[in-house]
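Here the structure is laid out as structure tokens; the discussion comes afterwards.
For this chain, numbers begin at 1 and follow the sequence in order. Basis for what follows: all heavy atoms, side chains included, without hydrogens, waters or symmetry-related copies. Note that ligands are numbered from 1 as they come in the structure, with each ligand's atoms numbered from 1 the same way.
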Amino acid sequence: MLMRTRGVEIRRDRPYTQRDLERIGTVKRLSDEQRLDMKVVASVLPFRVNDYVIEELIDWTKVPEDPVYQMTFPQRGMLPPAAYERMAGLHKLGADKSAINALAAEIRTALNPHPGGQMDMNIPHDDHGRKLWGLQHKYRESVLVFPAKGQTCHAYCSYCFRWPQFVGDKALRLSSSNPATLCDYLRRHAEVKDLLLTGGDPMVMKTGLLATYLEPLLAPDLEHVRIIRIGTKALSFWPHRFVTDPDAEELLTLLERMVKAGKHLAIMAHFSHWRELHTDIARTAIRRLRDIGVEIRSQAPVLAHANDDPDIWSRMWNEQVALGIIPYYMFVPRDTGAHCYFEVPLVRAWEIYRDALKRVSGLARTVRGPSMSAGPGKIEIQGVADVNGERVFVLRFIQGRNPDWVQRPFFAGYDEKASWLDQLKPAFGEEEFFFEAEYRAMEWRD
Ligand code: SF4
């Protein structure tokens, strides 16, 4: 919805969810079959878009192949075929909400809702051994906080690995409503240098609320937390947040105050396609953040049906560098949710990364990847090599649950179909990877 105030175009962030699918004008024009597919998939996986995504990011003349459409609208292949058929059967029979919800819950449980030990291994404890829900402390130097009011997004990515947080299942939520708990924990952990506010998308919070998390970090006893990262897709899905939202000015003032106080403040911007960089409002938002000294680093997974093409990545990284954004990570999509639809074999992900990197400025070669954020740590596929007649993947930890694992190369047998760590086997006849016994012990301890 557009309004005008003193010549500036103001847009209201109006979300559409599963219930509103039939209200979206462009969706009404799709075939009955496509609309049924959407309804079926959206009854299991979260769905949310806004007018900005619909009108300015999706090219509806290219639907269904359009990449932003693929990344935001439900597609049939996002559910395993048997699950799809069962849910479609209920819809065709006009089943009631409770039957649909019961089946949806069953299907979700089979979609690996908490990969990487998030529910069990990453939640820290207070002095009395109570779990501090809403915090994660997986790597020594970094803590993640999930503010309770930041657990939604301006639009949902259909490949999101945090999808369980958006489907109303409280058992799957990881959120914190208390900045004081966070600060107490940080005070007791001087080894933490880096705090990541994440979600959902913390930028859905009003500035006043965001300030309750950021401003206490200026206290002298939290000086050790020097880096503040905010994981967000607002620059892609709602750049108005930094330009025309009613509290946009207040937000920039808050971020600038943090920078001037000596914090390194980085927006960890989730950009999946160069198209997201092309609107005037996105460029204005990027410039405004850069002008106040905020760093913007970009990251995204490589996805079948959306961006599994080196041309897309090289163009995106080159354009980002020109805009002052630092390319940071290419991820491998996690083994959760709609993984069956978006998965890219590891070898293909590596080829895309490599081919893209050949075509970018040296300044864009800051980007790391393709990287799997798995239970033991962030593992990068460094390449494929032939060693003593055996074809292997060369891997390394970028981040490890044990910091000593970092940068240690290790090898897995080549498998052209493998798309995640658990499908890889150690090379050279080894029984297991060097970190596995220690990782098992960590799982037991927790
Ligand atoms: S913006 Fe991030 S948290 Fe939100 S749906 Fe997309 S990937 Fe998930």
query: Under 30°, 30 to 60°, or over 60°: which ring-plane class applies to His137 and Tyr185, parallel, tilted or perpendicular?
result: perpendicular
Tyr156, Phe73, Phe166 screened by ring-ring contact (aromatic ring centres under 6.0 Å, His included) with Phe47, the one that passes: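 It is Phe73, the one option of Tyr156, Phe73, Phe166 that forms the ring-ring contact (aromatic ring centres under 6.0 Å, His included) with Phe47.
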Closest non-hydrogen protein atom to [atom], residue and atom name please, with distance?
atom	result
atom 4 (Fe) of ligand 1	Cys153 SG, 2.3 Å
atom 3 (S) of ligand 1	Gly200 O, 3.4 Å
atom 8 (Fe) of ligand 1	Cys160 SG, 2.3 Å
atom 1 (S) of ligand 1	Lys233 CB, 3.5 Å

task: Give a yes or no on whether the backbone of Phe146 and the side-chain of Thr198 come within a donor-acceptor separation of less than 3.5 Å.
output: no
message: Can you confirm whether more than 12 heavy atoms, excluding those of Arg188, are under 6.0 Å from its CZ atom?
response: yes
- prompt: What is the minimum heavy-atom distance between Asp308 and Arg348, and which atoms define it?
  reply: O-NH2, 3.8 Å
message: My understanding is that only one of Asn178, Asp126, Leu182 makes a side-chain contact (heavy atoms from CB on, under 4.5 Å) with Leu132; could you say which?
response: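 Single side-chain contact (heavy atoms from CB on, under 4.5 Å) partner of Leu132 among Asn178, Asp126, Leu182: Asp126.
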task: Please find out if atom 4 (Fe) of ligand 1 and some N, O or S atom of His270 are separated by less than 2.8 Å.
output: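 No, His270 does not qualify, because none of its backbone or side-chain N, O or S atoms lies under 2.8 Å.
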- request: Give a yes/no answer: is there an N/O/S atom of Cys157 under 2.8 Å from atom 6 (Fe) of ligand 1?
  value: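 Yes - counting backbone and side chain alike, Cys157 has an N, O or S atom under 2.8 Å.
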Contact partition for Arg162 relative to ligand 1, non-hydrogen atoms under 4.0 Å: neither
